[in-house]
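To keep things clear, I will list the structure first and then write my remarks on it.
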Amino acid sequence: MLERITKSITSASIFLAAYFLLNIALRIALPHTLDLDEAEQSFYSQYLLAGYGPQPPFYNWIQYAIVSVTGISMWVLSVPKNIILFGCYLFYGLAAREVLKSRSLAAVAMLSLITLPQVGLMAQRELTHTVALLFATSLFLFGFFRTLRQPTIGSYLLIGIATGIGLISKYNFAILPFAALIAVLPEREWRSRLIDWRLLPAAVIAILIVLPHALWLPDNLASASAPTLERMTAEHLAPAGLPRIGQGLLSLVIAVLGFVALPIVLIAAAFRRDFFRSLSSSSPMIRVIERMMVISLLAFVGVVLFAGASDIHERWLDPCLLVLPIYLFLKLETADLDLSAGLARFRPMVPVFMVVILSILLFRIVGIQYIGTYTRTNVPFSGYVAELTATRKPVLIVAGTKFVAGNMRLEFPDIPVVIPFFPGAGVPEYADAKGPVLVIWRGETADDPTISPGFANDLARSGIHLQELKTLTLPYLFGDGKRSFSIGYSWVEGGAK
């Protein structure tokens, strides 16, 4: 059965489609409380903007376009994400087919993406912008390998489209086309691809895709870059100078090992001696991929040395190291070994990983009382809504954070949900509100719903004056009943005073 599934990209894609349908069904069956990235998409889906803050807007644009047609729901948040993830696997398989002679090996390489923790598990748990980045990276690899093997206007345009999408998905995607460009230079047979006239329309289409956000970026550079730079520098954790550089380089090494260790160990365990024999194999394509990965990682070394980064996250390496499974299988194929036994041992790992990932996604929510660490998805937002709206319904909701705003937006799809000073100055809807307005927030901790001074000041500057602060506490969903989550809220009448 597994051998038939991995005979071709088509059969493997059907198998993957069934897996992603299961992921959608699981997310719909679990509580509809949104995690951070989901809540952000729910809130931002009210607006079509050229920029939304620290993350580029591609995923937000996709979500806005769908929500504007269908309205907001858990289905609308879950289905597009899984379609984009499926597209990542599909284009990765097509990229593998460009460099691997064996169709069966290309299908296995596509399925092996699930062994990368950042792709198999983390992308399903909570990430959104990174999901778009993974899709753009796979699309770029397909266009890039296709252009090296058999250049056409279509392959160049694929590179341009992928580059445009990647740059407005995550800023670190810029490393990939730069690394690919440099990696090709030493190969005489492919150097001409860099001076081909077809590169011009590819560049034009990339610029057109990026242009709306690029025009927004100069005036909003601080809001777009400050949160990421703060996470990268981790000023409260590392001193300046050489100690910070040392911590940054160590963080990079740990991130690389965390990214590559599992697939390398699994492939080595499946192919055994053949894997180690293949390590010395080489070809022009292998050399290009090796240079791409090395140049990409050197770019991160530069970020550590010159930008003061001291905390590198694994997911930031997605555009640098996503190509790893293709690289390893290309090494195996180039070594000209009999891989049948290794493939027979590796194929069962894929469905095992699928079952494990689905089990983790389920148990981290429903088995939380046995784990002890409660997730945001266990926060009982539907219970809050039932309590708060038992006697009256709001005409406007003013929220303290995107987590709260996105969840309230999902619960009240027909009611505007705003955060003070986003996207414009103040809360313009408040002045025109004809009826009760619900102001709601969460505190610094689960059991302390104290309103933050910043949010209180924003409300006052918006003309919203809270008369009575109230608290609502409910137990976590699927918890042991002993631990609860508290929110703060206040009802006010609409209209600036």
My understanding is that only residues two or more places apart in sequence, or in another chain, count here; which of them pass side-chain hydrogen bond (donor to acceptor under 3.5 Å, both in side chains) with [X]?
| X | result |
| --- | --- |
| T130 | none |
| R146 | E98 |
| S251 | none |
| Y384 | none |

Looking at F455 and A399, what are the two nearest heavy atoms and their distance? CE1-O, 3.4 Å
Non-hydrogen atoms of L343 and F271 that approach each other most closely: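 That would be N-CE2, 3.6 Å.
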Does the side chain of S8 pick up a donor-acceptor pair with the side chain of S11 at under 3.5 Å? yes
Please name all residues satisfying side-chain contact (heavy atoms from CB on, under 4.5 Å) with [X], sequence neighbours left out, ordered by chain then number.
| X | value |
| --- | --- |
| S102 | S104, L105, E333 |
| R103 | R97 |
| T128 | D37, Q41, Y59 |
| S281 | S278, I286, K331, T334, A335 |

What pairs with [X] under ring-ring contact (aromatic ring centres under 6.0 Å, His included), at least two apart in sequence or on another chain?
| X | answer |
| --- | --- |
| Y327 | none |
| F259 | none |
| Y89 | F20 |

If you measure from the Lys or Arg side-chain nitrogens to the Asp or Glu carboxylate oxygens, is any gap between R27 and E38 under 4.0 Å?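 Between E38 and R27 there is a salt bridge, with a charged N closer than 4.0 Å to a carboxylate O.
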Indicate the ring-plane relationship of W216 and H213, choosing parallel, tilted or perpendicular according to the 30° and 60° boundaries.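 Aromatic pair W216/H213 classed parallel.
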So, F43 versus F422, ring centres under 6.0 angstrom or not? yes
Any side chain to side chain donor-acceptor pair (under 3.5 Å) pairs touching residues 399-409, not counting sequence neighbours?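 Listed by first then second residue: E40-K402, Y44-K402.
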